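These notes are about the structure you will find just below.
Predicted, not measured: the structure shown is a model, and the values here were computed from it.
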There are 2 protein chains.
Amino acid sequence: MQDLIKTMKALSDETRLRILNVLLERECCVCEVMQALDISQSRASRNLGILEDAGFLTAKRDGAWIVYSVDWQTANRYATPLAKLLRDSLDSSEVIAQDKERLKHAVRMGPTALGK
Amino acid sequence: MQDLIKTMKALSDETRLRILNVLLERECCVCEVMQALDISQSRASRNLGILEDAGFLTAKRDGAWIVYSVDWQTANRYATPLAKLLRDSLDSSEVIAQDKERLKHAVRMGPTALGK
DNA sequence: AGAATATATGCGGATATGCGAATATTCGCC
DNA sequence: GGCGAATATTCGCATATCCGCATATATTCT
């Protein structure tokens, strides 16, 4: 029961719904999420952690970055029925459209940002 | 989007999940919910109101009482996929079993409690 | 109308939540 | 090892949430 509450709380926040929406487009590292949503680093990291803890996301390290993606494996029982709901509710939102637009130009920053 | 957040917040509370569970058994007035969950009157009333505001419940007056029931009509898009999740998560909980047991003996109290 | 019951609501306090700013940690490269 | 970049975490504050208590409103019966 506490798990279900944790799950619902994870979805009770605008920032986290926006993050989930972006990650449904494609997997992202933290800095890409920051760019897409135009939010601070700590805010992105903290909310990604909450979604991960709730089981919606998995994190895998890729060099300097930590890449988050929707965990369809373990969160499928929640994500599947909810994904459609999210889509339906979110697509009509203006913020969401802006997030997706920014995501197109979001880039991974390093490493050392010298090779560019 | 704010509607979705309101919906998720409504489900992010143990008291409200317990209420929902009881109302999935059968419709109840406030005093029956108090008895089933063994909680205060204001607590029952307030949380029923929150669930109603989120669209999960409808309230109809029946004499002295106000009877709440799950609103499958308007909340169906949330309730249908979620009902199973709720069931799966809740049935394993001890509190939930107790609620259901108490519900069996819950009675409407009035009116005037003299006709009995 | 008046008494009693059922429900809703205002208020104050305790706790939880979300955020930015600053700091700590981890990794890759020289 | 040392530096810079990416991410995580701590801290303090503002706000939101939840509850009990008391009170207000609505309804029924006499």
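- Side chain of B:Arg18 to backbone of B:Ala36: no donor-acceptor contact under 3.5 angstrom is found.
- Applying the salt bridge (Lys or Arg N to Asp or Glu O under 4.0 Å) test to every pair with at least one member in residues 35-58 of chain B, sequence neighbours left out, gives these pairs: B:Lys6-B:Asp53.
- Looking at A:Leu103 and A:Arg26, their side chains come closer than 4.5 Å, going by heavy atoms from C-beta outward.
- Between B:Leu11 and A:Leu11 the shortest side-chain heavy-atom distance does not fall below 4.5 Å.
- Scanning residues 26-36 of chain A for heavy-atom distances under 4.0 Å to DNA chain C yields an empty list.
- In this structure, B:Gly63 reaches the sugar-phosphate backbone alone: every heavy-atom distance under 4.0 Å involves primed, P, OP1 or OP2 atoms, never a base.
- Here C:dG28 presents its C1' atom at 12 Å from CG of A:Asp62, a figure rounded to the nearest Å.
- Distance B:Leu48 CG to C:dT7 C1': 10 Å, rounded to the nearest Å.
- In this structure, B:Lys60 atom NZ and D:dT27 atom C1' are separated by 17 Å, rounded to whole Å.
- At the phosphate of D:dA8, OP1 or OP2 sits under 4.0 Å from a side-chain N or O atom of A:Tyr68.
- You'll find the side chain of B:Gln35 stays beyond 4.5 Å of the side chain of B:His105, heavy atoms only.
- With a 4.5 Å cut-off on side-chain heavy atoms, B:Leu17 and A:Met8 do not count as touching.
- A:Gln2 places a side-chain heavy atom less than 4.5 Å from the side chain of B:Glu14.
- Taking atom CD of A:Glu14 as the reference point, atom C1' of C:dG18 lies 13 Å away to the nearest angstrom.
- Look at CG on A:Leu51: it is 16 Å from C1' on D:dA8, rounded to the nearest Å.
- For the side chain to side chain contact (heavy atoms under 4.5 Å, CB included) test, residues two or more places apart in sequence or in another chain that qualify with A:Ile50 are A:Ala10, A:Arg16, A:Asn47.
- Distance, A:Leu17 CG to C:dG18 P: 11 Å, rounded to whole Å.
- One can place CD of B:Gln41 at 12 Å from P of D:dC21, the figure rounded to the nearest angstrom.
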Problem - Where protein sits on nucleotides 14-20 of chain D, one letter per nucleotide: B base, S sugar-phosphate only, - none, heavy atoms under 4.0 Å - result: ---SSBB

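- Using a 4.5 Å heavy-atom threshold, the side chains of A:Leu57 and A:Val70 count as touching.
- One axis for each end of the helix from C:dA1-D:dT30 to C:dC30-D:dG1, each built from five base pairs, and the angle between them comes to 30° at 10° resolution.
- Between the A:Glu25 side chain and the A:Val22 main chain, no donor and acceptor come within less than 3.5 Å of each other.
- Remark: B:Ser42 pairs with no residue by the side chain to side chain donor-acceptor pair (under 3.5 Å) rule, at least two apart or across chains.
- Spacing between atom CG of A:Leu37 and atom P of C:dC19 amounts to 11 Å, rounded to whole angstrom units.
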